[in-house]
Amino acid sequence: MAIIIQPTHQITIIAAGIIRDALIQKPNLVLGLATGSSSIGLYKHLVRMHNTEGLDFSKVKTFNLDEYVEIPCDHPQSYHTFMAKHFFNHVNIPKENQHIPQNTIFNHESFCTVYEEEIKRTGGIDIQVLGIGTDGHIAFNEAGSSLASRTRIVTLSESTLDANAIYFGGDPNAVPEMAITMGIGTIMEAKQCLLLANGEAKAKAIAKAVEGPISASVPASILQMHPNTTYLIDDTAASKLKEIEYYKRSYTNTQKLKSL
Ligand code: GLP
């Protein structure tokens, strides 16, 4: 597990650089994508690289982590709308290569099975982008989710409804109560994970995820067992890490080794 602690604007630049390098190596990269404020900067840099450096996404396949159910795809707060606005409308990923969980609860079980099969058929996700909830959730795997869970329909916790109320006029009751999410087991099969976290509100979740025991109560803590996870954390989100100085020194040394 690599821990990179940098100023807020820098973490999305580093994340975009990791994706760019991987895409140059493998033009048909399979990307797992996240929504949320932490990933907006990442998409901005990838769009810039597409426009100014000709970074080519034409063979890329994408799978989003999650989507609310019971709101239409074109709802202003749907994750379909988020992805179109921040990323898909600005790069050349063919529409048929973009996968986002569906918005309806109708037939959700077979949808979830097919979603998992589609991921497998591509050979698996190469890089999975993740955010973290204030309660330590990843995607919409709330505290108490099985660490082996697969793509499924879930009920959102009160803390997630409260945190996401800001996007629904400040009213937690207006936030859809259910969502379809990739499972923790599904996420753990990605070859590489990049978890982005910024802001003080994430400090407790980051400390528990990185330094606490592995537990279903903090779903992100399972990433301690992932063979290739990079945490990209800004200074405030890192503020409760006990070993913060060690992580900073390790990163400096890793950079030193790379430049040799
Ligand atoms: C939502 C998403 C999660 C995301 C989280 C953090 O709950 N379902 O996948 O990690 O928000 O979002 P933000 O980046 O806005 O803090």
Side-chain angles (χ1 to χ4, degrees), residues 1-4 6-67 79-101 115-132 138-139 151 182 186-198 223 226-234 251 254-255 257-259:
M1 193 162 70
I3 315 269
I4 302 178
Q6 289 288 311
T8 317
H9 71 279
Q10 200 56 30
I11 61 176
T12 50
I13 293 179
I14 297 172
I18 293 172
I19 292 176
R20 173 189 49 204
D21 293 350
L23 184 49
I24 290 168
Q25 289 288 315
K26 185 183 177 194
N28 61 344
L29 201 68
V30 183
L31 281 174
L33 298 177
T35 49
S37 54
S38 327
S39 45
I40 293 177
L42 164 65
Y43 297 135
K44 203 177 75 193
H45 291 299
L46 290 175
V47 169
R48 176 180 50 77
M49 289 166 178
H50 173 68
N51 290 333
T52 63
E53 301 170 19
L55 191 63
D56 179 21
F57 291 85
S58 63
K59 295 191 175 65
V60 166
K61 291 198 171 79
T62 65
F63 289 89
N64 264 77
L65 284 171
D66 46 18
E67 175 60 288
Y79 289 167
H80 281 75
T81 301
F82 177 100
M83 289 310 299
K85 177 173 168 202
H86 293 288
F87 194 42
F88 293 150
N89 284 354
H90 313 287
V91 292
N92 61 336
I93 301 174
K95 191 106 189 113
E96 63 275 16
N97 289 2
Q98 306 167 4
H99 303 86
I100 305 181
Y115 204 66
E116 292 267 346
E117 282 168 5
E118 279 175 333
I119 294 173
K120 284 214 175 81
R121 211 172 306 130
T122 64
I125 290 171
D126 292 302
I127 300 182
Q128 176 66 60
V129 178
L130 295 165
I132 186 169
I138 44 175
T151 302
M182 269 190 213
T186 322
I187 293 168
M188 286 295 283
E189 283 169 8
K191 293 168 193 116
Q192 182 175 7
C193 292
L194 298 180
L195 188 146
L196 306 173
N198 57 52
L223 294 170
H226 190 278
N228 188 358
T229 284
T230 300
Y231 271 88
L232 292 140
I233 316 171
D234 80 352
Y251 181 59
T254 312
Q255 295 305 98
L257 288 173
K258 270 193 194 151
S259 65

With sequence neighbours left out, what residues match [X] under side-chain hydrogen bond (donor to acceptor under 3.5 Å, both in side chains)?
X      : value
Thr122 : none
Thr186 : Glu116
Thr62  : none

Within a strict 4.5 Å, meaning less than it, do heavy atoms of the [X] and [Y] side chains meet?
X      : Y      : result
Leu65  : Leu33  : no
Ile127 : Val30  : no
Met1   : Asn228 : no
Ile233 : Leu196 : no
Lys61  : Leu29  : no
Ile138 : Ile187 : yes
Tyr115 : Asn64  : yes
Asp21  : Gln25  : no

From [X] [atom1] over to [Y] [atom2], what is the distance, rounded to the nearest 0.5 angstrom?
X      : Y      : atom1 : atom2 : result
Ile119 : Thr151 : CD1   : OG1   : 5.5 Å
Leu42  : Ile11  : CG    : CD1   : 10.0 Å
Leu23  : Lys59  : CG    : NZ    : 10.0 Å
Ile13  : Arg48  : CD1   : CZ    : 6.5 Å

I need the minimum non-hydrogen distance between [X] and [Y], along with the two atoms involved.
X      : Y      : answer
Tyr251 : Ile3   : CB-O, 4.2 Å
Phe57  : Ile93  : CB-CG1, 3.5 Å
Ile4   : Thr230 : CD1-CG2, 3.7 Å
Ala15  : Leu232 : CB-CD1, 3.8 Å
Ala34  : Ser39  : O-OG, 3.3 Å
Asp66  : Tyr79  : O-CD1, 3.1 Å

Contact list for residues 91-101, test side chain to side chain donor-acceptor pair (under 3.5 Å), sequence neighbours left out = Asp56-Asn92
Return the set of residues passing side-chain contact (heavy atoms from CB on, under 4.5 Å) with [X] (not counting sequence neighbours), or none when no residue passes.
X      : answer
Thr8   : Asn198, Asp234
Arg20  : Ile24, Met49, Glu53, Leu55
Ala190 : Ile125, Gln128, Cys193
Thr254 : none

Which residues pass the ring pair (Phe, Tyr, Trp, His ring centres under 6.0 Å) test with His86, sequence neighbours left out?
->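 Applying ring pair (Phe, Tyr, Trp, His ring centres under 6.0 Å) to His86 gives Phe82.
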Taken in chain and number order and not counting sequence neighbours, the residues that satisfy ring pair (Phe, Tyr, Trp, His ring centres under 6.0 Å) with Tyr43 are Phe87
Neighbour count above 12 (heavy atom, 6.0 Å) for Lys44 NZ | no
For Lys120, does the NZ atom have more than 12 heavy-atom neighbours from other residues, nucleotides or ligands under 6.0 Å away?
->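 Yes, the 6.0 Å shell around NZ holds more than 12 heavy atoms from other groups.
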Please report the C-alpha distance between Tyr231 and Leu223 in whole Å, then the side-chain angles of each, then the deciding distance to 0.1 Å, and finally whether the side chain to side chain contact (heavy atoms under 4.5 Å, CB included) criterion is met.
-> CA-CA 10 Å; Tyr231 271 88; Leu223 294 170; 3.9 Å; yes
Partner residues of Lys26 under the salt bridge (charged side-chain N to carboxylate O under 4.0 Å, His left out) criterion, sequence neighbours left out =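 With sequence neighbours excluded, Lys26 shows a salt bridge (charged side-chain N to carboxylate O under 4.0 Å, His left out) to Asp126, given in chain and number order.
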Is there a donor-acceptor pair closer than 3.5 Å between any side-chain N or O of His90 and the backbone N or O of Lys85?
-> yes
